[in-house]
Amino acid sequence: MQTPRTKIADALRLDPPQAGLRVKGWLRTNRVSKQVVFLELNDGSCFANIQAVCGEELANLEEIRHFTTGSAVEIVGELIASPAKGQRVELRATEVKLIGRADPSYPLQKKRASFEYLRSVAHLRVRTNTFGAVFRTRSTLAQAVHRFFQERGFYYVHTPIITAADCEGAGEMFNVTTFDVGAPARGDNGKIDWHQDFFSRPTYLTVSGQLNGETFALGLSDIYTFGPTFRAENSNTPRHVAEFWMIEPEMAWYDLDDDATLAEEFVKHLLRTALSECSEDLAFFNDRIDPGLVARLEHVVNSGFERMRYAEAVERLQASGQSFEFPVFFGANLQAEHERYLTETIVGRPVFVLDYPKEIKAFYMRRNDDGRTVAAMDLLVPKIGELIGGSQREERLDVLEETIKEAGLDAETYSWYLDTRRFGTAPHAGFGLGFERLLMYVTGMENIRDVIPFPRTPRNCDF
RNA sequence: UCCGGAGUAGCUCAGUCGGUAGAGCAGGCGGCUGUUAACCGCCGGGUCGGGGGUUCGAGUCCCUUCUCCGGAGCCA
């Protein structure tokens, strides 16, 4: 009867001595001496490796000497207090077995590699310190998202991935079709006949679950979505991917202030969770990726977020005397440089910018009484700029019909959406948070392609 | 998509004025040590991103193209 496997995270927490411990993992390094071989094993259960010491009493010591980096290995041994510096405990091996040998051409040798290179081996990069830490943190924060909303009585809604709304106001969309793209069905006029396609109309991958989410909020009151989102925009930046995960809560009876309050609590909850549950991984990020990270996150958790109307933000940017590449004036979209200056220099902490000019925001945002702004909010945070975008939604049927027309959209496509305003409409609000953007903020990783398992970007859909 | 930068050994990079390709690490072999980015010695390893041009001669200069990275835009 075999003893069960102990995860390395658990083994490292035990008090020595512990006989007969069995661990399994992948070899990070193999240091060979004349009489002794040191194996360091990692199974992903925590950041740290466990060091196994293999002595001459092992019959297969000669084989162990040649274990290659990356190999899958099983070790049974006694957990003892380590006589050497560098680790509290170590495993004195009594049995060492090679489960899966790594060819010497293993791409992740004991050598610093660039993130750029590691993207080309995305199927293996999770075995590195950095990516192990990133994806443990990602998992923890995904759970924290659900916990935050569940604790507040929100319902999790699975909004559709395939949509027919040809303009949800957020960038280019991917087509979804069963047509042979080389020979799509055509009508008599030679144009593509979408009636013959699977859905009998053009369809796309969703760019947002919001409109569907709103219908559920106007029934379940408090809901959120958390799912994949797609943008076919030809964006080549460290902040954009074609497939990403977005969190979109939607709340009936909320106004813009309530919306911002929830967003602030939400962000703080996620950062607090990361600080308390991912401390070992965050310590690594703080040490090797982004010095000052932990202090910055703690600062945000402990500070009240500023709230500032767009008009005031423009005035204060103008009064700052700072020279920007793009001019600042009422009616202008705040550029990345403006957003960062505002949150980093003028305010020095996260700031909600509220009540934007209606011309630069989406049709569904609620018109303010001043006639020229809408109840929109952006949360700007130091170092990365916009983290959250949200708004109170236009609940008045006549106003909404007007803004759809002004936006040049087809009211017919939105008839179901307009129905919610026709039948028991109610004030409501919501926001969207890009999960990967949040992860960048929490980990200090500077490229979004390094916080999602298999990034999809223009010209890149490997793996 | 626009602007800028970069593609040289498995990885990270150097390569001068145009003269025929190097280092560190990794790998293989050997040595040595309770080691921990281990250390020491030896060895193997290259279509210099692709195509074209100039030249006696191109990694190097010119044109073109592809890809990647950064900035901007779009946005989350």
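Here is how names work: the chains are called A, B, and so on, in the same order as the sequence lines, proteins then strands, and each is numbered from 1. What you see is a predicted model; the values in this text were computed from it and never measured.
Whole-Å rounding puts the A:H240 NE2 to B:C69 C1' distance at 16 Å. In this structure, CZ of A:R459 is placed 9 Å from P of B:C69, rounded to the nearest angstrom. At whole-Å resolution of the value, NZ in A:K361 and P in B:C74 are 11 Å apart. Residue A:L387 contributes atom CG, which lies 13 Å from atom C1' of B:C75 at whole-angstrom precision. Taking atom CZ of residue A:R119 and atom P of nucleotide B:C11, one finds them 15 Å apart after rounding to whole Å. Residue A:Y117 contributes atom OH, which lies 19 Å from atom C1' of B:A6 at whole-angstrom precision. Rounded to whole Å, the distance from CG on A:L118 to P on B:A26 is 17 Å. In this structure, CZ of A:F326 is placed 16 Å from P of B:C2, rounded to the nearest angstrom.
Under 3.5 Å, the side chain of A:S235 and the base of B:C75 form no donor-acceptor pair of N or O atoms. Side-chain atoms of A:E40 stay outside donor-acceptor range of the base of B:U35, with no qualifying N/O pair under 3.5 Å. One cannot find a donor-acceptor pair under 3.5 Å joining the base of B:G70 and the side-chain atoms of A:E116.
Residue A:Q35 has its side chain nearest to B:G34 when only B:G34, B:C29, B:A72 are considered. Distance from the side chain of A:A84 is smallest for B:U35 among the nucleotides B:C68, B:U35, B:A38. The side chain of A:N234 sits closest to B:U1 out of B:U1, B:U67, B:U35. Distances from the side chain of A:F38 to the nucleotides B:C74, B:C11, B:G34 place B:G34 closest. You'll find that the side chain of A:P104 is closest to B:G28, out of B:U1, B:G73, B:G28. With B:C69, B:G27, B:U12 as the choices, the nucleotide that has an atom nearest any side-chain atom of A:T69 turns out to be B:G27. Across B:G34, B:C29, B:G73, the shortest atom-to-atom separation from the side chain of A:Q335 is found for B:G73. Nearest nucleotide to the side chain of A:N447, out of B:C69, B:G34, B:G73: B:C69.
Note on ring orientation: taking the six-membered ring where Trp is involved, the planes of A:F226 and A:W245 are perpendicular (angle over 60°, cut-offs 30° and 60°). By the 30° and 60° cut-offs, the orientation of the rings of A:F324 relative to A:Y341 is perpendicular. Ring pair A:F174/A:F230 is perpendicular by interplanar angle, where above 60° counts as perpendicular and below 30° as parallel. Using the six-membered ring where Trp is involved, A:H146 and A:Y156 have ring planes that are perpendicular, over 60° apart on the 30 and 60° scheme.
Crowding of A:E277 atom CD: a count of heavy atoms from other residues, nucleotides or ligands under 6.0 Å exceeding 12. In this structure, A:R88 places its CZ atom where more than 12 heavy-atom neighbours from other residues, nucleotides or ligands lie under 6.0 Å away.
To the nearest 0.5 Å, atom CG of residue A:L433 and atom CZ of residue A:F266 are 5.5 Å apart.
Checked by atom type, the side-chain pair A:Y364/A:E214 shows no donor-acceptor distance below 3.5 Å.
Rounded to a whole angstrom, the distance from the C1' atom of B:U60 to that of B:G18 is 6 Å. B:G44 and B:A26: their C1' atoms are spaced 13 Å apart (whole Å). B:G49 sits 8 Å from B:C66 when the C1' atoms are compared, rounded to a whole Å. Spacing of C1' atoms, B:A9 relative to B:G28, comes out at 15 Å, to the nearest Å. Taking atom C1' in both B:C56 and B:G51, the straight-line distance is 23 Å, to the nearest Å. B:C13 sits 9 Å from B:U8 when the C1' atoms are compared, rounded to a whole Å. B:A14 and B:U54 are spaced 27 Å apart, taking the C1' atom of each and rounding to whole Å. Rounded to the nearest Å, the gap between the C1' atom of B:A21 and that of B:U16 is 14 Å.
A:Y310 contributes a side-chain N or O that, together with a main-chain N or O of A:G331, makes up a donor-acceptor pair within less than 3.5 Å.
Near-neighbour residues of RNA chain B inside residues 50-65 of chain A, defined by a heavy atom below 4.0 Å, number-ordered: A:Q51, A:V53.
Partners of A:Y417 by ring pair (Phe, Tyr, Trp, His ring centres under 6.0 Å), not counting sequence neighbours: none found.
Salt bridge annotation for A:R136-A:E280: absent, with no cationic side-chain nitrogen under 4.0 angstrom from a carboxylate oxygen.
Stem regions for RNA chain B, each three or more consecutive Watson-Crick or G-U pairs with both distances under 3.5 Å and listed by first number, read B:1-7 with B:66-72, B:10-13 with B:22-25, B:27-31 with B:39-43, B:49-53 with B:61-65.
Among the heavy atoms of the strands, none lies under 4.0 Å from A:P107. Looking at heavy-atom distances under 4.0 Å, A:T229 makes no contact with the nucleic acid at all. Nucleic acid contact for A:E325: none, since no nucleic acid atom lies under 4.0 Å from a heavy atom of the residue.
Residue A:R31 places at least one side-chain N or O under 4.0 Å from the OP1 or OP2 atom of B:A38. A close approach under 4.0 Å does not occur between any side-chain nitrogen or oxygen of A:T68 and OP1 or OP2 of B:G27. For the pair A:R449 and B:C69, the criterion of a side-chain N or O lying under 4.0 Å from OP1 or OP2 is met.
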| said: For A:T261 and A:R307: C-alpha separation, side-chain torsions, deciding distance, then whether side-chain hydrogen bond (donor to acceptor under 3.5 Å, both in side chains) applies. | reply: CA-CA 10 Å; A:T261 299; A:R307 299 189 191 194; 2.9 Å; yes
| field | Evaluation steps, ring pair (Phe, Tyr, Trp, His ring centres under 6.0 Å), between A:F363 and A:Y414 | value | CA-CA 12 Å; A:F363 73 89; A:Y414 295 97; 5.5 Å; yes
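Residue A:T457 is the one, among A:I448 and A:T457, whose nearest nucleotide of RNA chain B lies closer to the 5' end (criterion: closest heavy atom). Both A:I388 and A:E90 sit near RNA chain B, but only A:E90 has its closest nucleotide nearer the 5' end.
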